[in-house]
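The structure appears right after this line, and notes come after that.
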Number of protein chains: 2
Amino acid sequence: MASVYKHPKTPKQASRRRARFDRLLEPEMLKALAEPSRAQILSCLLKCGRPCSVTEVAECCSIDFSMVARHLGTLARAGLLTSEKKGRTVWYNADARALALHFRDLADAIEELTPQDGCIEDNGCGCCDPEGIRS
Amino acid sequence: MASVYKHPKTPKQASRRRARFDRLLEPEMLKALAEPSRAQILSCLLKCGRPCSVTEVAECCSIDFSMVARHLGTLARAGLLTSEKKGRTVWYNADARALALHFRDLADAIEELTPQDGCIEDNGCGCCDPEGIRS
DNA sequence: CATACACTTGCGTTATGGCGTCAGTATACA
DNA sequence: TGTATACTGACGCCATAACGCAAGTGTATG
């Protein structure tokens, strides 16, 4: 659920919000998601709702096996999947709850970052010169 | 707020969910966000909470002017910003509410896509052979 | 009409990343 | 111990895109 916007009281608080926003907008994660093949692979894993091996995923989405292996690695390194090696097969799993939570947090962070309607006082963003930009 | 997962009753419903997921995972939008410079520019605009010109944004983030102009164009084309030309200046604006809504929708879509805990019946994903993959 | 301003676009360079192939590693199983 | 299985990694090719520079376009202003 969305948090209600509260104007940052201190530069420190504003800086925390910036940091939170930046963390949630992790380029590695977004780059991983931005590839259509990888998005397809992720959706496969979400739909299956259980850990899948590289072979299974490759059969799912008719992408070259080694590419699937690489994509799964990328998704896992980006924190979008978990992986567990058992014997000679690696089981990749998509945690739908965690992913959904991440994007809800991001939504909250976006709303926290922006000032209220009509708020014109310095929001402590430190990015723009308040004199220059609010003339 | 999160919707409660309900197993798709028909292949048609499952297909609608897939389509929703794919739409929310628009590669163009994610690619636009995945660039650190562009994320920075977007956060500038969110923090300012009002339309900014290209010149203002360029002064904000110490990136080459023509690059800022290009990045803003990319963000706008990806639907992350709105732009309005008035005279010789273009005003770019980030709609925090709309962005937050988008990511909450995505979170919902992710949760809708995945089967309930322990659900092993065919979820109509059509991506995996139920026989082969659930052995 | 000339000039300043606010972008936009084209160009060449560089960097990143996807893609397939193929060889290598690690594990199970007969 | 040999062979099949399941992946991983290294190479090279190619497409895309970021980046900075500089020239071009369109709009106000004197």
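Owing to the predicted nature of the structure, the values given are computational and were not obtained by experimental measurement. Proteins get letters first, then strands, A, B, ... in listed order; numbering begins at 1 in each.
Side-chain nitrogen and oxygen atoms of A/His71 include at least one within less than 4.0 Å of the OP1 or OP2 phosphate oxygen of C/dC19. Contact between the side-chain N/O atoms of A/Lys31 and the OP1/OP2 oxygens of C/dG17 is found at a separation under 4.0 Å. The phosphate of C/dC7 (OP1 or OP2) has a side-chain N or O of B/Thr55 nearer than 4.0 angstrom.
Side-chain N or O atoms of A/Arg17 include none that pairs as donor or acceptor with a backbone N or O of A/Lys12 at under 3.5 Å. B/His71 places no side-chain N or O within 3.5 Å of a backbone atom of B/Ser37 that could act as its donor or acceptor partner. Distance alone, capped at 3.5 Å, is enough to place a donor-acceptor pair between the A/Thr74 side chain and the A/Arg70 backbone. Formation of a donor-acceptor pair under 3.5 Å by the B/Arg38 side chain with backbone atoms of B/Leu33 is not found in this model.
Side-chain atoms of B/Arg88 stay outside donor-acceptor range of the base of C/dC7, with no qualifying N/O pair under 3.5 Å.
Under 4.0 Å is where a charged nitrogen must lie from a carboxylate oxygen, and between A/Glu111 and B/Arg104 at least one such pair does. Looking at B/Glu56 and B/Arg50, a side-chain N of the basic residue comes within less than 4.0 Å of a carboxylate O on the acidic one, giving a salt bridge. Electrostatic pairing of B/Glu112 and B/Arg20 counts as a salt bridge here, judged by a charged N lying under 4.0 Å from a carboxylate O.
Contact annotation for A/Ser37: backbone-only contact, meaning every heavy-atom pair under 4.0 Å involves sugar-phosphate atoms and none involves a base. Among the protein residues, B/Ser66 comes within range of the nucleic acid bases, having at least one heavy atom under 4.0 Å from a base atom.
Summarising the geometry, the separation between CG on B/Leu75 and P on C/dT8 is reported as 13 Å, rounded to the nearest angstrom. Whole-Å rounding puts the A/Glu35 CD to C/dG18 P distance at 5 Å. The interatomic distance linking B/Asp64 (CG) with C/dT13 (P) rounds to 18 Å, in whole Å. Taking atom CD1 of B/Ile63 as the reference point, atom C1' of C/dC7 lies 17 Å away to the nearest angstrom. What separates CZ of A/Arg38 from P of C/dG17 is a distance of 9 Å, to the nearest Å. Protein atom CZ of B/Phe65 is 8 Å distant from nucleotide atom P of C/dT8, rounded to whole Å.
Both B/Arg70 and B/Val54 sit near DNA chain C, but only B/Val54 has its closest nucleotide nearer the 5' end.
When hydrophobic clusters are built by joining Ile, Leu, Val, Met, Phe, Trp and Tyr residues whose side-chain heavy atoms come closer than 4.5 Å, directly or via intermediates, A/Leu101 is not grouped with A/Leu24.
Taking the side chain as every heavy atom from C-beta outward, A/Ser53 and A/Trp91 approach each other to under 4.5 Å.
From one end of the helix from C/dC1-D/dG30 to C/dA30-D/dT1 to the other, with five pairs defining each end axis, the axis direction shifts by 20° (rounded to 10°).
Running 5' to 3' along DNA chain D, contacts with non-hydrogen atoms of chain B at under 4.0 Å begin and end at D/dA18 to D/dA28.
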